[in-house]
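Here's the structure we're looking at; comments come further down.
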Protein chains: 2
Amino acid sequence: MTNRFLAAVLALALPFPAFAQRAEPPVPPAADPAVAALRDAALKDDVAYDIVEGLTTEVGQRLAGTEAEARARQWAAAKLNALGFKNVRIETYRMPVWVRGEERAEITAPFPQKLTLAALGNSGATPAAGLTAEVVVFKTYSDLANAPDGSLKGKIAYVGNAMAPTQDGSSYGQAGVARFVGPAVAARKGAAAIVIRSIGTDTHRLPHTGMTSFPEGVKPIPAAALSVPDAKLIEAMAARGRPISMKLVLTPRQIGEQESGNVIAEVPGSDPDAGVVLIGGHLDSWDLATGAIDDASGVAITAAAAKRILDSGRQPRRTIRVVWFGAEEVGGYGGRDYTRRHGAERHAVAAESDFGADRVWRFQATLPDSAKAVADRLASALAPLGIVHGKGDGGDGSDIGPTIATGVAGIDLNQSGLHYFDTHHTPDDTLDRVDREELRQNVAAWTAMLAVVADAPEEIGPVQRKSH
Amino acid sequence: MTNRFLAAVLALALPFPAFAQRAEPPVPPAADPAVAALRDAALKDDVAYDIVEGLTTEVGQRLAGTEAEARARQWAAAKLNALGFKNVRIETYRMPVWVRGEERAEITAPFPQKLTLAALGNSGATPAAGLTAEVVVFKTYSDLANAPDGSLKGKIAYVGNAMAPTQDGSSYGQAGVARFVGPAVAARKGAAAIVIRSIGTDTHRLPHTGMTSFPEGVKPIPAAALSVPDAKLIEAMAARGRPISMKLVLTPRQIGEQESGNVIAEVPGSDPDAGVVLIGGHLDSWDLATGAIDDASGVAITAAAAKRILDSGRQPRRTIRVVWFGAEEVGGYGGRDYTRRHGAERHAVAAESDFGADRVWRFQATLPDSAKAVADRLASALAPLGIVHGKGDGGDGSDIGPTIATGVAGIDLNQSGLHYFDTHHTPDDTLDRVDREELRQNVAAWTAMLAVVADAPEEIGPVQRKSH
């Protein structure tokens, strides 16, 4: 037993009054009854589910830059108008588009077996008839990154880099490096192709797609993600010590610049000088499923919460601007276009919902000193929903990222990530994954946040962040 | 409140001593320490997992009548020999084979969306370019069966018939009628094709395949199962009240008579007149996955238990014959071939394991009057594993069915079916689905059963069943 552990055990063994000797925390602000009433009414919300159900049923997958995403924009504008929002509009831009082709793979030796996989966004293509090559198995990204240059010449790299669930989602960034840059690293070492274990936390026979990128000068190689059971199968074969060969057919292609766009709606505020409260999620989805959690839920939660303020009978001080961003999945084009057009307007706070529909467990805020009290009021308003006040920065997310980078204050309402990566970017991202009660808890949290922030009497000006 | 319910409530309200007034049950036989020792040692079994891991890794899918099933037979014979079994042999037969082709579907109106589906065994084919037709939505099999003759002419029938999980698996038979005979019924009513909601209990984007059959004179129509989320999507579209059309591409084909076979191994008994104890599972699998639970687990559990008797240092009275049957999934050809060859031999008991690897929760036995005491000893031996003694018939299963039908006694060790249909016949039937501890509980139950039955001093002769 270490001394530190011993001390901890002894501390626990102290009688209860010992705890009372700790300094008492500051008295939290009393919950505002009007905010509490709006929050609690939102626990019966049906608007968010209706949006998710409608978008997944009547549009379905909506890959950025495709006609499906264009249909989604029309659907969105009609829905936001029907909900009573003001200034509903579509703002388009152009962006390069990659589309999936055929995708098949099989182990040809030593044990012939078919595999389930999905090409990664920006993947290169194999010949139409496929390519067959020896597989070099790397259990981790580090093993791949440390392989000698040229050692993969003509071979197919396999990278495991298994991901474990984390509530804050931090394991995605760590494991995801195998997807984000693994293909470029393998290409530079001469690999003919790369297959990775899906960056996900499930054990279903469904691959997780997602973007990868190849820097200037690195020719894209075929790159795909195997479902987790298929990845485990390859590792089990590798454990037998015999050479493994794989036949791979991937025929995606780049189809050039296409139109994408953002859909914008507002709850106009009474004080144009107080700055916009920017909220939203992304309208586009990956192409393998209907994008119920990624991110129909995010656009639904934020719009449903804004509608509760709209319908409250009391105009907020600040304009609430709901943006359903386009082309998030494939590179954040919508977020950048928004900032290009609107970055010069005064924004008080930006917040996005792009982490599914599990319950919100934490909020984090980065606010200017003039508005520190806003965070305390948020803590009081959100605590009854079981939400803790995290001490990290607020303002995370790829769509609000360019706006946050201009110095705008940010608030995060963090959903639990313990199951998000079971489904995200897979064919399983369908309506079934959305739990109505958890969705309602999200709407209640966002409603409370908007009620506090949009009406805050404090000035909410720019903030300075270390990381921007 | 009914009188019966009232009586039940009053009974529960009686003070505890009231229970003591019930007749005491008969004193159960004491557990045999040798049986208990074998059973408890089996809770550390690794042989069964090794078989499942090996068969799924080194062979994978093994559709009946294909070269993959032939490879599985070679693998099986080598494994059973390596485990030390006697009289290991392969017995082949020929059977008609259906193989999967392309399979794609999409809703073309009112909301274009791609669907995930798998053809049912014996499905007919669409033209290579597919067929597009209006969808007629039936929420239940009963709705389909009651549709007027000719009312489906040229249309695609959709049948829901949702299945709920049951521990004894009985909901499979009830919901499964949509798959077993739904296609033939739709064909007779003029349908161009049929898609059903998968007969399964999960909500993943993975269809459940399985056989259907068309009687003589009914031309097979294209028939497929949609994943449950895809089925729900169609029902959600149907709820909008607008006509739905679907494009369907299914190109399976019948490839004629091919070779399949059973693999047999024995633990020879000391008394040839006491009858064989026939146990086993099926070696073939569906083609969508590696068949870890259906039925690598069954062949593994029964062989691992038999090996424990083989290695116990004491020859059993009765020969234990382990049969890894071929071609179960596609029509029980292996079970019938076994009975054709061996039906005249004396069998004492038959038992099969073909319900996955969840824990055994119940056993049921049908034994002749001369051997009723065997069931009591089984109850004592199995109770410590948390297994109840069910009062129904024993001897269930399609592989032992033809043998049971000749009047052989039967014993069932029933695994829980609460999750079996989450995975069965889907691409998800992989090694991940097998829990090592639950697999060990199965091996322990089968070991205890074999120890009791193979050595039972009673005569175990034919039985008469109502249903056979």
Side-chain angles (χ1 to χ4, degrees), chain A residues 52-63 66-68 71-72 75 100 102 104 106-107 110-116 202-207 227-240 242 244 287-292 422-423 426-435, chain B residues 52-63 66-68 71-72 75 100 102 104 106-107 110-116 202-207 227-240 242 244 287-292 422-423 426-435:
Chain A
V52 178
E53 199 271 349
L55 188 55
T56 56
T57 302
E58 298 178 9
V59 179
Q61 75 82 20
R62 42 201 181 277
L63 184 68
T66 67
E67 66 77 35
R71 273 191 282 123
W75 187 96
R100 193 175 301 282
E102 258 195 288
R104 286 180 282 126
E106 58 190 287
I107 298 295
F111 309 118
Q113 293 218 38
K114 289 192 179 171
L115 302 171
T116 300
D202 63 306
T203 59
H204 293 289
R205 202 82 185 288
L206 297 165
S227 85
V228 171
D230 289 86
K232 288 181 176 174
L233 180 65
I234 286 183
E235 294 191 16
M237 287 184 184
R240 266 81 172 164
R242 292 161 59 186
I244 297 174
D287 56 344
L288 300 177
T290 61
D422 292 354
T423 303
T426 76
D428 242 357
D429 184 3
T430 59
L431 187 59
D432 304 74
R433 303 279 86 76
V434 177
D435 180 286
Chain B
V52 178
E53 199 270 350
L55 188 55
T56 56
T57 303
E58 298 178 8
V59 180
Q61 75 83 19
R62 44 203 180 275
L63 184 68
T66 67
E67 65 78 34
R71 273 191 282 123
W75 187 96
R100 193 175 302 283
E102 257 194 289
R104 285 180 283 125
E106 57 191 287
I107 298 295
F111 309 118
Q113 293 219 35
K114 289 192 180 172
L115 302 171
T116 299
D202 63 306
T203 58
H204 293 290
R205 202 83 185 288
L206 297 165
S227 84
V228 170
D230 290 86
K232 288 181 176 173
L233 180 66
I234 286 183
E235 295 191 17
M237 287 184 185
R240 266 80 173 166
R242 292 161 60 184
I244 298 175
D287 56 343
L288 300 177
T290 61
D422 292 354
T423 303
T426 75
D428 242 356
D429 184 3
T430 59
L431 186 60
D432 303 74
R433 303 280 84 77
V434 176
D435 179 287

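Computed over heavy atoms, backbone and side chain alike; hydrogens, waters and symmetry mates excluded. Numbers restart at 1 for each chain; the letters A, B, ... are given by sequence-line order, proteins then strands.
Using a cutoff of 4.0 Å between basic side-chain nitrogens and carboxylate oxygens, A:R240 and B:E53 are scored as salt-bridged.
No donor-acceptor pair closer than 3.5 Å links the side chain of A:E58 to the backbone N or O of B:F111. A donor-acceptor distance shorter than 3.5 angstrom exists from the side chain of B:R205 to the backbone of A:L288, with no hydrogens or angles considered.
For B:D432, the part sitting under 4.5 Å from any heavy atom of chain A is the side chain, from C-beta outward, and nothing else. The parts of B:T57 that come within reach of chain A are both its backbone and its side chain, each placing non-hydrogen atoms under 4.5 angstrom from that chain. Heavy atoms closer than 4.5 Å to chain B are found in both the backbone and the side chain of A:T203. With a threshold of 4.5 angstrom between heavy atoms, B:P110 does not approach chain A through any atom at all. Using a 4.5 Å cut-off between heavy atoms, B:T423 does not touch chain A at all. In this structure, chain A has no heavy atom under 4.5 Å from any part of B:A68.
Checking each of B:T56, B:T290, B:D429, B:T430 against A:P229 for a side-chain contact (heavy atoms from CB on, under 4.5 Å) leaves exactly one that passes, namely B:T430. Remark: of the listed residues A:E67, A:Q61, A:R71, A:R71 is the sole one forming a side-chain contact (heavy atoms from CB on, under 4.5 Å) with B:P112.
Going from atom CG of A:L233 over to atom CG of B:L431 covers 9.0 Å, rounded to the nearest 0.5 Å.
Between B:H204 and A:H204 the shortest heavy-atom distance is NE2-NE2, 3.0 Å.
In terms of heavy-atom pairs under 4.5 angstrom with chain B, the leader among A:T426, A:L206, A:T116 is A:L206.
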